[in-house]
There are 2 protein chains.
Amino acid sequence: MGEILSANRIEGVVRKDVPERVISRLPIYLQTVETIAATGQDTVSSEDLAARSGVSPSILRKDLSQLGRSGTRGVGYSCPELAATLRTFLGLDRDRRVAIIGAGRLGSALADYAGFRRRGLRLTAVFDIDEEKIGTSIGALTVSSLDDLPAWSEDIDLVVMAVPAAAAPAAAQKAVEAGVRGILNFSPTVLDAPDTVRVHQVDLASELQVLAYYSALDTAPLNPGFEEHRN
Amino acid sequence: MGEILSANRIEGVVRKDVPERVISRLPIYLQTVETIAATGQDTVSSEDLAARSGVSPSILRKDLSQLGRSGTRGVGYSCPELAATLRTFLGLDRDRRVAIIGAGRLGSALADYAGFRRRGLRLTAVFDIDEEKIGTSIGALTVSSLDDLPAWSEDIDLVVMAVPAAAAPAAAQKAVEAGVRGILNFSPTVLDAPDTVRVHQVDLASELQVLAYYSALDTAPLNPGFEEHRN
DNA sequence: CGGTGTGAAAACTTTCACAGCA
DNA sequence: TGCTGTGAAAGTTTTCACACCG
C-alpha cells in the first residue's frame, strides 16, 4: 500500500531520495511563494515563508536544501527562482493531465475549481456511468462514458475519484487499466492498486472525526468524579 | 501551528497521550470494522483488519492497544465491541455538530454527503455571505447569513470551510470567535487560528501536485544517456 | 551583519519478534 | 494452538545550534 518508489529518475537525473513528507509540503511552499511574488516582493526569508506556510523555519530550510541550494545566505530566497525550482521539481513545468470520474455534485464542484491551470494541472475529461449525465457539459468539457476511458489513456496522468463508495473499486480498476499514475480518492473506501499507481485518500468524515476527537479534549468532563483507569 | 493539546481528558478519564498519527488512522479502522460487521462477520484478526485498512498488522495492533486491551488473544477483535470502543474514543457517541461555510458548488456537494449521521456527525447549519444564496435550501437546511454565525455558537462544534481563498481568513475568524473547536479547510490558504482551534487543510491542487511528482518518477527518462549522480 | 545550509542530537514512528493469554 | 499485546531495535523526522558565506 502506497510503497515509496525508489528509482526517482526525473529527466534522466537521479535524485537523492526525497521523503514523501517533504514532497507533500512542497506544493504549500509553491503556493505561498507565488502569493508573495504576486505582491511584488522579490525575496523572502525562511522565517517568513515558513510562518506563512505553517511550518517551522528549520524544516523549511531542510526541505528546500534537498532540492539543491536555492537561497542566498544573508538574503533569503528569490521568489521567482524558488517558484521555478519547485515547479520543475514537482514536474509541473509540463502540465499534468487530470480526469475526474463522477459527474455528480462533488465531481462538478471539483471540475469547477478555477486554479487547475495556474497550478500546473489541466482538466482533460470528466467521466460518469449515468446515461443521464453523459453528454452534458461541465465547464468547457462534455461528460464521457466511463466505458470510453481506455480511449483517453494517452491523455490522462491522474484521476480524481468522486463517485459513491460502492462504485469506487470498479472505477479505480478501469483507471488503473488505462494506465493512470495516480488516483486522488474522495470516496470513503480504501482502494488497492498496483505499486505503479499511487492512491491518496481524502475522506470528509474521517477528517471531521479526527477534529471531533480533539474538540472533545480539554472541554469540561461530562462525567466528573471518575478517575484514571490504568492497566 | 497545530500544537498538540496535552490534557487529553475525555469524560473524566485521563488517557495516555495518543499521537496524532494514531488518531488519524482510527476513523479508517472504524469504517473498515463497520463494513466488516455489516457482513455479519463477528470477529476480525489484526492481519485482516490491517490489510483492509491499508496499514501493517503491527501498527494496527499498536494503535488499538493504546485504547486499552480490545482484542482477544488467539481469536481477534470483536467487531461490534471494537466499533463501539473507537466511536467512544473519538467522541462520536454523542454526535458532533458540523456547520458548512460556503453554499457554493463545493459546499452544497459536501452538505449532500449522506454519510454524516452514520459516522457520528450532524450537519446543523450552512452559511454564506451571498444574499442570493441566503434563504435557499440545501437538503433539509436553509442557508443562513454568515453574520448570524454568533447566534449559532452553541450548536456548532466543527466547521467545514468551502469558500474562495480570498474569503477564507475572514470566515475563519468568525468561526473562531464563535468558539468552534476545529476547522476543515477546503480553501487553498493556510489559516492561522489560536491553539484552541485545530485546523486541517484539504487542498485539491496540492494533493494532485504530489501525485504529479510521483507520476513523473520511473517513467522513461526524457533525457536518456545521462547517468546516476551520487554524492 | 543576517540568513542559509547542515551536521549532530532529540523526538517520534514503525517494525520485529516473541511472551503470554484465551 | 493462534493471535494479541508489547518491549526493544531500527528507521524516520524534527529540532537545535552554529559554521559559513554573500
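Every chain is numbered from 1, with letters handed out A, B, ... down the list of sequences.
Using a 3.5 Å distance cut-off with no hydrogens or angles, the side chains of B:Q31 and B:R119 do pair a donor with an acceptor.
Chain A approaches DNA chain C over the interval C:dG2 to C:dA8, counting the first and last nucleotide 5' to 3' with an atom under 4.0 Å from its heavy atoms.
Annotation: side chain of A:L26 is not in contact with side chain of B:V210 (no heavy-atom distance under 4.5 Å). Two residues are said to be in side-chain contact when any heavy atoms from C-beta on lie closer than 4.5 Å; A:L49 and A:R52 fail this criterion. No side-chain heavy atom of A:L158 sits less than 4.5 Å from a side-chain heavy atom of A:I183.
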Each nucleotide N or O in nucleotides 18-22 of chain D that has a protein N or O under 3.5 Å away: list the pair and distance.
unit_1 : atom_1 : unit_2 : atom_2 : d
D:dC20 : O2     : A:R73  : NH1    : 3.1

N/O contacts under 3.5 Å, protein versus nucleotides 12-15 of chain D?
unit_1 : atom_1 : unit_2 : atom_2 : d
D:dT13 : O3'    : A:R21  : NH1    : 3.0
D:dT14 : OP1    : A:R21  : NH1    : 3.1
D:dT14 : OP1    : A:R25  : NH1    : 3.1
D:dT14 : OP2    : A:R25  : NH1    : 3.2
D:dT14 : OP2    : A:R25  : NH2    : 3.0
D:dT15 : OP2    : A:S56  : OG     : 2.9
D:dT15 : O4     : A:K62  : NZ     : 2.8

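Note on A:R61 versus A:E47: no salt bridge recorded, every NZ/NE/NH1/NH2 to OD/OE distance being 4.0 Å or above. Ion pair A:R25/A:E20 not flagged as a salt bridge, since none of the NZ, NE, NH1 or NH2 atoms sits closer than 4.0 Å to an Asp/Glu carboxylate oxygen. With respect to B:D157 and B:R97, a salt bridge is recorded, a charged nitrogen being found less than 4.0 Å from a carboxylate O.
Residue B:T85 is tested with B:L64, B:L67, B:L30 for a side chain to side chain contact (heavy atoms under 4.5 Å, CB included); the sole match is B:L67.
Side-chain atoms of A:Q201 do not come within 3.5 Å of backbone N or O of A:F186 as any donor-acceptor pair.
One interatomic measurement links the two molecules: CG of A:D17 to P of D:dG11, which rounds to 15 Å at whole-angstrom precision.
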